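As the structure is a computational prediction, the values presented were derived from the model and not from experiment. Order of the sequence lines sets the chain letters (A, B, ...), proteins ahead of strands, with each chain counted from 1.
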2 protein chains.
Amino acid sequence: MTEPATDRRAALKERSRQAIVRAAAELMDETGGTAFTVDELAERADVSRRTVFNHFASLEDVFAEVCAEVLGELIEKLAVPIDAAATGGPTTEPGPAMLDELAEVVRSTDLVTPMAYLTRTLGGTDAGGPWHANLLTRALSQVGEGLTAVLRRRHPGADPLDLQLLVSAFTGGVLVCHAHWWERTGAADDDASRAVWAELLDRLIHQLRTGFASTR
Amino acid sequence: MTEPATDRRAALKERSRQAIVRAAAELMDETGGTAFTVDELAERADVSRRTVFNHFASLEDVFAEVCAEVLGELIEKLAVPIDAAATGGPTTEPGPAMLDELAEVVRSTDLVTPMAYLTRTLGGTDAGGPWHANLLTRALSQVGEGLTAVLRRRHPGADPLDLQLLVSAFTGGVLVCHAHWWERTGAADDDASRAVWAELLDRLIHQLRTGFASTR
DNA sequence: TGCACTCAGTGCATCGTTGCACTTAGTGTA
DNA sequence: TACACTAAGTGCAACGATGCACTGAGTGCA
């Protein structure tokens with residue numbers, strides 16, 4: 001993918017920022033959490049410690065950006081089949097119920113790997129703390145916005161309220177499922193964990209179907 | 001080789017400078033001369049055009065630096081066997097005549113490759129012009145200083161005047177040999193060219209021996 | 001409980017790069 | 001011969017990174 005036409009200053013700035021985010025993701029993966037210092041992050045990113053704070057207001061903001069990128073990739077994964085179904089352009093013709101479509105896409109996408117990563121790195125040392133809770137809220141909001149945008153592209157004729165209610169109920173349900181999944185699997189990234197997740201997801205979808213089956 | 005302890009600013013400065021020199025050496029090699037623009041050099045070095053002039057006063061200075069590095073490596077090559085002969089520390093004991101030692105070292109070092117490179121890139125388009133002549137003068141001076149330093153390490157008891165006269169006569173002789181070599185071989189980098197160079201070198205050494213054979 | 005330490009975060013000045021407009025010299029063409 | 005163009009080189013201001021001293025919060029220990 002060619003870089004957008006930009007001047008060298010902007011390119012340098014973006015490179016520094018990406019280096020910090022990438023370094024944080026690596027350290028989070030290696031340490032299974034967020035227990036590293038700004039000095040370690042700066043060294044790994046090959047920038048000065050002041051530069052980290054030039055780009056981010058706090059370490060928490062860095063973690064949030066790592067999450068945002070993981071979740072952004074997740075939403076892109078979910079968007080691909082939904083957008084593909086729209087090949088030939090979006091239509092207002094009645095199609096499958098949005099819930100069924102969303103359910104099928106979510107079922108066929110591996111959510112366990114990113115969830116395991118985020119749960120391990122953010123939930124490991126201080127799960128439920130106000131700091132991590134804030135990150136989780138931001139993450140959920142981002143997922144919700146991303147899904148809403150994708151479904152809107154697919155169903156431009158859909159009532160916006162219906163659509164947003166669906167997404168809100170869905171992401172809220174995913175949060176509940178996540179807590180159960182974590183409790184039962186310890187956020188492992190393996191087949192047993194995937195089986196539990198699939199079961200919880202089926203429960204959620206079943207519960208939501210009765211309320212949104214007529215949405216077209 | 002570990003980088004010297006330095007701060008990040010100094011490291012960046014040095015990286016930029018080295019990138020410019022390296023890019024110039026590549027372009028000189030690829031184009032067989034110096035007929036490229038500052039814009040091309042800056043692009044290859046991945047710096048801005050202003051940065052080139054932050055580090056060097058002119059394109060000519062960049063070329064001079066490329067030469068200096070090639071010649072510096074050359075002098076290092078010559079220095080290795082001379083310094084190795086001094087293993088156990090320098091001595092004022094009578095040793096082989098300096099000329100014989102210098103001759104042996106020069107004979108056993110491949111001078112044709114760097115000479116071919118420098119002749120091709122600097123002599124190709126405007127040989128003998130005042131601009132290139134200036135580069136040649138600087139190059140010769142650098143070689144002379146380098147050789148003088150090496151021989152001084154090896155023969156600390158030698159009379160400085162004798163030593164400098166030897167080096168001056170030698171480098172002057174090399175310049176003459178180079179002109180003949182160029183005329184006869186076209187500055188090719190091959191075995192035939194090496195044979196001609198060896199012959200010319202023997203002539204030079206033979207001519208110099210009668211004047212310096214007693215130097216110890 | 002007071003003290004020492006570590007670390008996140010901050011303010012400010014400096015450095016090196018960069019963007020851009022400019023001048024000047026050299027060159028080619030009508 | 002005048003004009004247009006290219007390219008080297010320059011001055012100046014702005015940007016982004018960096019160095020460094022500093023404050024405050026949290027923690028551990030005597």
Smallest separation among heavy atoms of A/Pro81 and A/Val105, with atom names
CG-CG2, 3.8 Å
How would you label the contact of A/Ala10 with the nucleic acid (heavy atoms, under 4.0 Å): base, sugar-phosphate, or nothing?
nothing
Could you check whether B/Phe56 gets within reach of a base, just the sugar-phosphate, or nothing at all, counting any heavy atom under 4.0 Å?
nothing
Any donor-acceptor N/O pair under 3.5 Å between [N] base and [X] side chain:
| X | N | value |
| --- | --- | --- |
| A/Arg8 | C/dT18 | no |
| A/Arg17 | D/dG16 | no |
| B/Arg49 | D/dA7 | no |
| B/Arg50 | C/dT18 | no |

Minimum-distance nucleotide to [X] side chain [options: [options]]:
| X | options | answer |
| --- | --- | --- |
| B/Val47 | C/dA8, D/dA8, C/dT18 | C/dT18 |
| A/Asp7 | C/dA8, D/dT18, C/dG19 | C/dG19 |
| B/Thr51 | C/dA8, D/dT10, C/dT18 | C/dT18 |

Go through the side-chain N and O atoms of A/Thr113 and A/Arg194 and say whether any donor and acceptor fall under 3.5 Å apart.
yes
Test A/Glu26 against A/Asp29 for side-chain contact (heavy atoms from CB on, under 4.5 Å), laying out the working first.
CA-CA 5 Å; A/Glu26 286 174 11; A/Asp29 198 21; 5.7 Å; no
Of A/Phe53 and B/Ser16, whose nearest nucleotide on DNA chain C comes first from the 5' end?
A/Phe53
Would you call A/Arg22 and A/Glu65 a salt bridge, using N to O less than 4.0 angstrom?
no
Given atom [atom1] of [X] and atom [atom2] of [N], what is their separation to the nearest angstrom?
| X | N | atom1 | atom2 | answer |
| --- | --- | --- | --- | --- |
| B/Lys13 | C/dT14 | NZ | P | 16 Å |
| B/Asp39 | D/dC5 | CG | C1' | 15 Å |
| A/Glu60 | C/dA8 | CD | C1' | 12 Å |
| A/Gln18 | D/dG16 | CD | P | 15 Å |
| B/Glu43 | C/dT17 | CD | P | 18 Å |
| A/Ile20 | C/dG9 | CD1 | P | 13 Å |
| A/Phe63 | C/dA8 | CZ | C1' | 11 Å |
| B/Leu12 | D/dC15 | CG | C1' | 14 Å |

For C/dG16, does OP1 or OP2 lie under 4.0 Å from any side-chain N or O of B/His55?
no
Donor-acceptor under 3.5 Å (A/Glu40 side chain, A/Thr37 main chain)
yes
